[in-house]
Amino acid sequence: AAGEGILSDEGTDAFERALRQPLPHVLVSTIDLLARLSRYRAAAAAEAAPAREAAPAAAAAWAKARHRRPDLAGPYVAPRDEVEQAVADIWQELLGFEQVGVHDGFFDLGGHSLLATQVINRLRQAFQVSLRLQTLFDGPTVAELAAALVAGEEQPGQVRAIAQLLRAVESLPEDEVDRLLDAQGTAAGSAP
């Protein structure tokens, strides 16, 4: 988004500070990450509240919002690496399926142009790559879209590293994520 870039001197400063950290991973954000995560969590909680307050049967149905993969011409093939998994995760979330195979066609799964725009925007944000909407129309499978992400990366290994980080964060318990964010917020407030 406009105004969320990083200037050269800011990048140099962030790089120098990252080198001084004993951590195996470092996240540099040009926005107030804690505030953005708080907004996302508040929106998700507000969206989920009506379902949790509903009758037990409705709450159980809400918990199983994703449905089975439809019977397609080709068999299900699981994601083969973290980039394909990240793309499949986004498709699963936006299309509402429990599983999406790497060779499943986006439009065969019920995708349409509005969802295609959402998929591309999510991928742009997550992987910080320039990705055109036409890319999904030209290569409408998880495998083709993952390959396009890797082909479009500015730094070799960038997409794979981000995908690994996404998987690591997703595997953390929510209370651990909260603890790490709180610790980061405290450290950021005391940074020179």
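Only a predicted model underlies this, so the values are computations on that prediction, with no experimental measurement involved.
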Participant: In terms of hydrophobic clusters joined by side-chain contacts under 4.5 Å, are V119 and V129 together?
Facilitator: yes
Participant: Can you hop from V150 to L165 via hydrophobic side chains spaced under 4.5 Å?
Facilitator: no
Participant: Determine, stepwise, if the pair F137 / F107 fulfils ring pair (Phe, Tyr, Trp, His ring centres under 6.0 Å).
Facilitator: CA-CA 9 Å; F137 289 95; F107 300 102; 5.3 Å; yes
Participant: Is a side-chain donor or acceptor of H103 paired with a backbone partner of A143 at a separation under 3.5 angstrom?
Facilitator: no
Participant: Nearest heavy-atom pair of A116 and L136: which atoms, and what distance?
Facilitator: CB-CD2, 3.3 Å
Participant: Please check if L131 and W91 belong to a single hydrophobic cluster, counting links between Ile, Leu, Val, Met, Phe, Trp and Tyr side chain heavy atoms closer than 4.5 Å.
Facilitator: yes
Participant: With rounding to the nearest 0.5 Å, note down the distance linking CG in L109 to OG1 in T141.
Facilitator: 10.5 Å
Participant: Verify the cluster assignment for V100 and L94: are they in a single hydrophobic cluster under the rule of side-chain heavy atoms below 4.5 Å apart?
Facilitator: yes
Participant: Keeping E84 on the side-chain end and A88 on the backbone end, is there a donor-acceptor pair under 3.5 Å?
Facilitator: no
Participant: Test side chain to side chain contact (heavy atoms under 4.5 Å, CB included) on I120 and L145; report intermediate values, then the result.
Facilitator: CA-CA 9 Å; I120 294 299; L145 205 48; 4.3 Å; yes
Participant: Rounded to the nearest 0.5 Å, how far apart are CG of N121 and CD of Q125?
Facilitator: 6.5 Å
Participant: Side chains of F97 and R68: closer than 4.5 Å at any heavy-atom pair?
Facilitator: no
Participant: Should R160 and D81 be marked as a side chain to side chain contact (heavy atoms under 4.5 Å, CB included) after you check the CA-CA gap, both sets of side-chain angles, and the distance that decides it?
Facilitator: CA-CA 9 Å; R160 192 158 314 283; D81 63 31; 3.4 Å; yes
Participant: Measuring from S8:OG to D13:CG, what's the distance to the nearest 0.5 Å?
Facilitator: 12.5 Å
Participant: So, the side chain of E153 versus the backbone of Q158: is there a donor-acceptor pair under 3.5 Å, distance only?
Facilitator: yes
Participant: To the nearest 0.5 Å, how far apart are CD1 in I90 and CG in L123?
Facilitator: 4.0 Å
Participant: Is the closest side-chain donor-acceptor distance between D89 and Q85 under 3.5 Å?
Facilitator: yes
Participant: Which heavy atom in A126 sits nearest to a heavy atom in L166, and how many Å separate them?
Facilitator: CB-CD1, 4.3 Å
Participant: Surrounding CD of Q155 (heavy atoms of other residues, nucleotides or ligands, distance under 6.0 Å), is the total greater than 12?
Facilitator: no
Participant: Sequence neighbours left out, what passes side-chain contact (heavy atoms from CB on, under 4.5 Å) with Y76? Give chain and number order.
Facilitator: R69, A78, P79, Q99
Participant: Can you name the side-chain hydrogen bond (donor to acceptor under 3.5 Å, both in side chains) partners of Q92, sequence neighbours left out?
Facilitator: none
Participant: Which residue pairs satisfy the ring-ring contact (aromatic ring centres under 6.0 Å, His included) criterion with at least one member in residues 109-135, sequence neighbours excluded?
Facilitator: none
